[in-house]
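Structure first, then comments.
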Amino acid sequence: MNVLADLRRRFRAALESLDAGAGEVADMVLPSKDPKFGDYQANCAMPLGKRLGRPPREIAQELVDRLEVADLCEPPEIAGPGFINLRIRDDWLRDQLTQIVGDPNQGDPDRLGIVPTEEPKTYVLDFSSPNVAKPMHVGHIRSTVIGDALCRVLRQLGHRVISDNHIGDWGTQFGMIIYGYKHFADPQAIATDAVGELSRLYQRVNQLVDYHATREQKTPAIEQQIVELAARLEQMHDATELENPKDRKKADKRQRQSEGQLVDLRATLDNLRNQMAAAENDPELGPLLSQHADIGTAVLAETAALHAGDPTNQALWDQFLPACLASIDETYDRLHVTFDHSLGESFYHDRLAGVVEELVERDLARESEGAICVFLENDDAPFIIRKKDGAFLYATTDLATVQYRMAEWTPDAIIYVVDHRQSFHFKQLFETVKLWGYEGVQLEHVSFGTVLGEDGRPYKTRSGTAVGLTGLLDEAVERALKIVCDNDNARDVPLLSEEQRQSNAERIGIGAIKYADLAHNRTSDYVFSYDKMLAMNGNTAAYMQYSYARVRSIFGKGDIDVDSLRKSDAKLQLDHPSERALALALLQFSETLERVATDFRPNHLTAYLFELASAYSRFFENCPVLKAEDDQQRNSRLRLCDLTARTLAKGLDLLGIQVVERM
RNA sequence: GCGUCCGUAGCUCAAUUGGAUAGAGCACUGGUCUUCGGAACCAGGGGUUGGAGGUUCGAGUCCUCCCGGGCGUACCA
């Protein structure tokens with residue numbers, strides 16, 4: 001049962017009978033924040049009052065008169081400037097929930113009142129997108145976890161979802177591996193641990209490329225900036241005697257800013273020089289630096305050779321790719337994330353030339369400074385689809401990918417779960433795609449913020465490199481294991497076997513990381529903290545898992561057969577306020593999922609689960625279950641417990657998180 | 001410079017995209033126990049939503065300016 005959708009439908013009818021075209025404000029029916037305003041509230045009378053030029057309270061009254069909700073609501077109340085407050089009738093709530101608990105017609109214990117969407121769509125969901133050349137790191141968490149959760153929720157609602165992992169298997173990174181293999185490979189290591197060795201090669205080459213880029217480009221550029229800025233500051237001193245106080249203030253500010261920038265630049269320069277010195281003094285790296293002075297261009301040449309079909313490089317690619325993919329799959333197995341397709345960049349490489357050709361032919365792209373570009377309105381920079389050296393880019397691959405997906409699956413929407421730094425790229429991509437002629441498809445950049453360390457800076461290791469994903473998961477599981485063991489050991493009689501402890505720790509640790517990520521509004525940055533995500537209180541996976549285990553333990557303790565419990569067709573009793581509150585929360589699962597799907601925000605679901613767990617907690621405190629007054633009440637409360645457990649488990653499952661039966 | 005996102009309680013974050021008295025967790029203070037799982041629950045203090053104007057029945061949310069940050073900005077992905 002989707003209560004919200006039902007109410008909106010009824011309001012729409014009433015609104016349209018009042019004024020043609022007023023139906024659009026039916027979306028202003030919302031769950032109330034505060035119980036004293038009822039369970040739901042309609043805020044449509046105020047905007048309508050303005051449109052019709054009549055007092056909002058009068059409109060509200062007229063709406064209430066036309067509204068047909070007597071079967072599911074108490075008589076609506078009008079409050080304040082024209083709010084319509086709705087309270088769900090207890091008998092209606094009871095009947096709806098009784099049906100969901102038993103779900104007699106569906107026979108599906110997981111349906112839980114979830115109403116399939118009225119308009120099933122086809123979505124292509126593009127997320128995770130790791131690079132084969134380098135190990136997955138903390139930066140891949142959000143895309144992977146959010147993408148997977150959205151995939152599950154959309155499917156649950158009845159949409160057709162095609163998940164596609166657009167793996168980076170054809171870019172400069174692979175050129176680095178090839179270069180590294182040709183110069184630094186240890187054949188022994190390749191034979192025993194290919195992925196580890198390739199990772200080492202990648203890092204080695206990356207260090208060398210970085211060093212030379214720093215030395216030949218970055219450092220001189222910053223030196224240049226410092227000179228310019230210093231010169232500008234000189235001139236500013238002359239301007240301090242301006243007559244107009246406003247101008248003087250402005251000049252002062254600009255001077256302060258420039259001085260600040262100068263300090264920053266000098267610090268950056270020092271930093272770069274230190275890094276270079278560190279590389280030069282490194283006993284392994286140092287001697288290689290001068291031998292590989294042209295490594296930047298050499299790597300690009302290896303990449304270009306691969307793209308051009310060079311047999312040696314192609315053979316190396318064929319040899320290494322499977323091991324790289326297998327290594328990535330290990331991580332996905334651990335995260336329980338799967339994809340329908342993993343069509344990486346390489347899949348599209350023979351389509352790229354055609355894409356550029358077509359855009360040029362259709363006058364959408366043209367040559368500029370040697371590169372082929374799409375010039376879009378109001379953009380400072382063009383969308384470059386072919387470099388002056390003839391190589392293709394990320395942009396070209398993305399265009400070819402859209403073309404393929406449209407031809408293959410004709411989706412209604414393509415959703416990219418990618419961090420916010422790429423929003424300019426997607427803005428350009430989407431505009432180009434529209435110009436290209438794909439007008440009907442919804443293109444959505446579901447962007448997200450950065451994972452920060454406790455210091456508020458992007459989460460890095462002490463040496464400044466990205467934190468590896470495997471290590472991150474390991475540490476979360478390790479910490480979870482310690483908590484699990486400490487707590488279990490503190491019991492009079494420990495509850496868990498050694499195996500259960502291990503498997504619990506895995507579920508709790510991984511769940512903690514996923515949940516922490518999903519619980520934050522995806523558009524904001526968040527601070528990564530093991531202690532917070534593994535806390536037993538608050539909006540965490542561990543608390544949800546604990547809530548679930550606690551509910552389930554009742555059935556063990558009372559020796560209850562859940563199957564026969566579910567077959568009971570006796571009506572539920574919702575006499576205590578906390579029973580009613582729990583029932584209402586349970587009934588709102590369906591509308592919560594709809595909301596997650598509407599704006600692609602899984603944090604609505606985590607917030608819902610936290611509220612549900614809280615509502616259960618109050619119920620559990622106030623309403624004895626096994627020791628209920630009579631069998632009827634006991635039966636009713638047991639079924640509320642059962643539905644709570646199933647809803648918690650299902651909600652977590654839709655977030656890609658597993659529950660544990662005992663913890 | 002231009003574009004874009006952000007600034008909410010001591011800390012970490014919400015706020016149904018313009019709705020009623022801005023909510024949670026942690027920390028702090030005080031309470032609940034003959035434990036249906038205490039890894040719990042309840043209550044309290046704590047806010048000029050960075051600042052100043054404006055729009056309107058109503059602003060954390062929209063517009064203008066200011067302060068402070070992040071990110072992006074022609075051939076990386």
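Predicted model, so just to flag it, every value in this text is computed and none were measured. Chain letters run A, B, ... following the sequence lines, proteins first and then strands; every chain starts at 1.
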Asn487(A) vs G38(B): side-chain N/O to OP1/OP2 distance below 4.0 Å: no

From G37(B), C13(B), C41(B), nucleotide with atom closest to Ile554(A) side chain: G37(B)

Below 4.0 Å: OP1/OP2 of C41(B) and any side-chain N or O of Tyr543(A): yes

Side chain of Phe375(A) - closest among A39(B), G70(B), A74(B): A74(B)

Sugar-phosphate, base or nothing in reach of Asp531(A), heavy atoms under 4.0 Å: nothing

P-based separation of G46(B) from A14(B) [nearest Å]: 24 Å

Listed nucleotide nearest any side-chain atom of Leu30(A), set U16(B), A77(B), A39(B): U16(B)

Atom C1', compared across A24(B) and G47(B): separation rounded to whole Å: 15 Å

Distance-only side-chain donor-acceptor flag, His445(A) / Ser447(A), under 3.5 Å: no

Base A39(B) paired with Arg491(A) side chain (donor-acceptor, <3.5 Å): yes

Sugar-phosphate, base or nothing in reach of Cys44(A), heavy atoms under 4.0 Å: nothing

Between G72(B) (C1') and Phe448(A) (CZ): distance, integer Å: 15 Å

Spacing of His520(A) atom NE2 relative to A14(B) atom P, expressed in whole Å: 6 Å

Donor-acceptor pair between Glu661(A) and Tyr548(A) side chains, under 3.5 angstrom: yes

Gap between atoms NE2 and C1', on His425(A) and U4(B) respectively (whole Å): 17 Å

Phosphate OP1/OP2 of C36(B): any Lys557(A) side-chain N/O under 4.0 Å: no

Presence of Asn539(A) side-chain N/O under 4.0 Å of C13(B) phosphate oxygens OP1/OP2: no

Arg421(A) (side chain) and U4(B) (base): donor-acceptor pair under 3.5 Å: no

Sugar-phosphate, base or nothing in reach of Glu58(A), heavy atoms under 4.0 Å: nothing

Nearest-angstrom distance, C1' atom, U61(B) to G7(B): 14 Å

Sugar-phosphate only, base, or nothing, as touched by Lys388(A) at under 4.0 Å among non-hydrogen atoms: base

His425(A) and Phe383(A) aromatic centres sub-6.0 Å: yes

Lys532(A) side-chain N/O to C13(B) phosphate OP1/OP2 under 4.0 Å: no

Paired nucleotide for U73(B) [Watson-Crick or G-U wobble; both distances under 3.5 Å]: G1(B)

Touch class at under 4.0 angstrom, heavy-atom based, for Arg552(A) against every strand present: nothing

Toward the 5' end of RNA chain B, by each residue's nearest nucleotide, Ala395(A) or Ala549(A): Ala549(A)

Phosphate OP1/OP2 of A14(B): any Ser524(A) side-chain N/O under 4.0 Å: yes

Closest listed nucleotide, where the reference is the side chain of Gln422(A) and the choices are A77(B), C57(B), U73(B): A77(B)

is_close_aromatic(Phe83(A), Phe37(A)), centroid dist under 6.0 Å: no

Sugar-phosphate only, base, or nothing, as touched by Val625(A) at under 4.0 Å among non-hydrogen atoms: base

Donor/acceptor link under 3.5 angstrom from Ser368(A) side chain onto base of A74(B): yes

Sugar-phosphate only, base, or nothing, as touched by Asp389(A) at under 4.0 Å among non-hydrogen atoms: nothing

Sugar-phosphate, base or nothing in reach of Asn85(A), heavy atoms under 4.0 Å: base

Test item: side-chain donor near acceptor, Asn487(A) and Arg491(A), under 3.5 Å: no

d(CG, Leu376(A); P, G3(B)) in whole Å: 17 Å

Is_stacked (Phe424(A), U4(B)) at 5.5 Å, 30 deg: no

Distance-only side-chain donor-acceptor flag, Thr523(A) / Asn521(A), under 3.5 Å: yes

Sugar-phosphate only, base, or nothing, as touched by Ala490(A) at under 4.0 Å among non-hydrogen atoms: nothing

Shortest side-chain distance from Ile483(A), nucleotide among C36(B), A39(B), C57(B): A39(B)

Sugar-phosphate, base or nothing in reach of Lys427(A), heavy atoms under 4.0 Å: nothing

Whole-Å gap separating P (A24(B)) and NE2 (His604(A)): 18 Å

Proximity of Phe600(A) and Phe448(A) rings by center, below 6.0 Å: no

Euclidean distance for P, C6(B) against G50(B) (whole angstrom): 12 Å

Sugar-phosphate, base or nothing in reach of Glu345(A), heavy atoms under 4.0 Å: sugar-phosphate

From G37(B), G19(B), A15(B), nucleotide with atom closest to Gln41(A) side chain: G19(B)

Same-atom distance (C1') from A22(B) to G3(B), integer angstrom: 31 Å

Distance below 4.0 Å between Lys33(A) side-chain N/O and U16(B) OP1 or OP2: no

From C57(B), U17(B), A74(B), nucleotide with atom closest to Lys50(A) side chain: C57(B)

Rounded distance in Å between the C1' positions of C26(B) and U64(B): 39 Å

Atom-to-atom span, CG of Asn537(A) to C1' of C42(B) - whole angstrom: 13 Å

Verify stack between Phe83(A) ring and G19(B) base, 5.5 Å, 30 degrees: no

Touch class at under 4.0 angstrom, heavy-atom based, for Arg618(A) against every strand present: sugar-phosphate

Minimum-distance nucleotide to Glu369(A) side chain [options: C57(B), A74(B), A20(B)]: A74(B)

Sugar-phosphate only, base, or nothing, as touched by Pro56(A) at under 4.0 Å among non-hydrogen atoms: nothing

C1' spacing across the pair C63(B) / U56(B), given as an integer number of angstrom: 13 Å

Tyr211(A) and Glu216(A) side chains, donor-acceptor separation under 3.5 Å: no

Touch class at under 4.0 angstrom, heavy-atom based, for Ser423(A) against every strand present: nothing

Whole-Å gap separating P (C57(B)) and CD1 (Ile59(A)): 14 Å

Aromatic contact, Tyr394(A) with Phe392(A) (centres under 6.0 Å): no

Check: U21(B) base within 3.5 Å donor-acceptor of Lys36(A) side chain: yes

For atom OH of Tyr546(A) and atom C1' of A39(B), their distance in whole Å: 5 Å

Donor on one side chain, acceptor on other, Arg8(A) and Asn2(A), under 3.5 Å: no

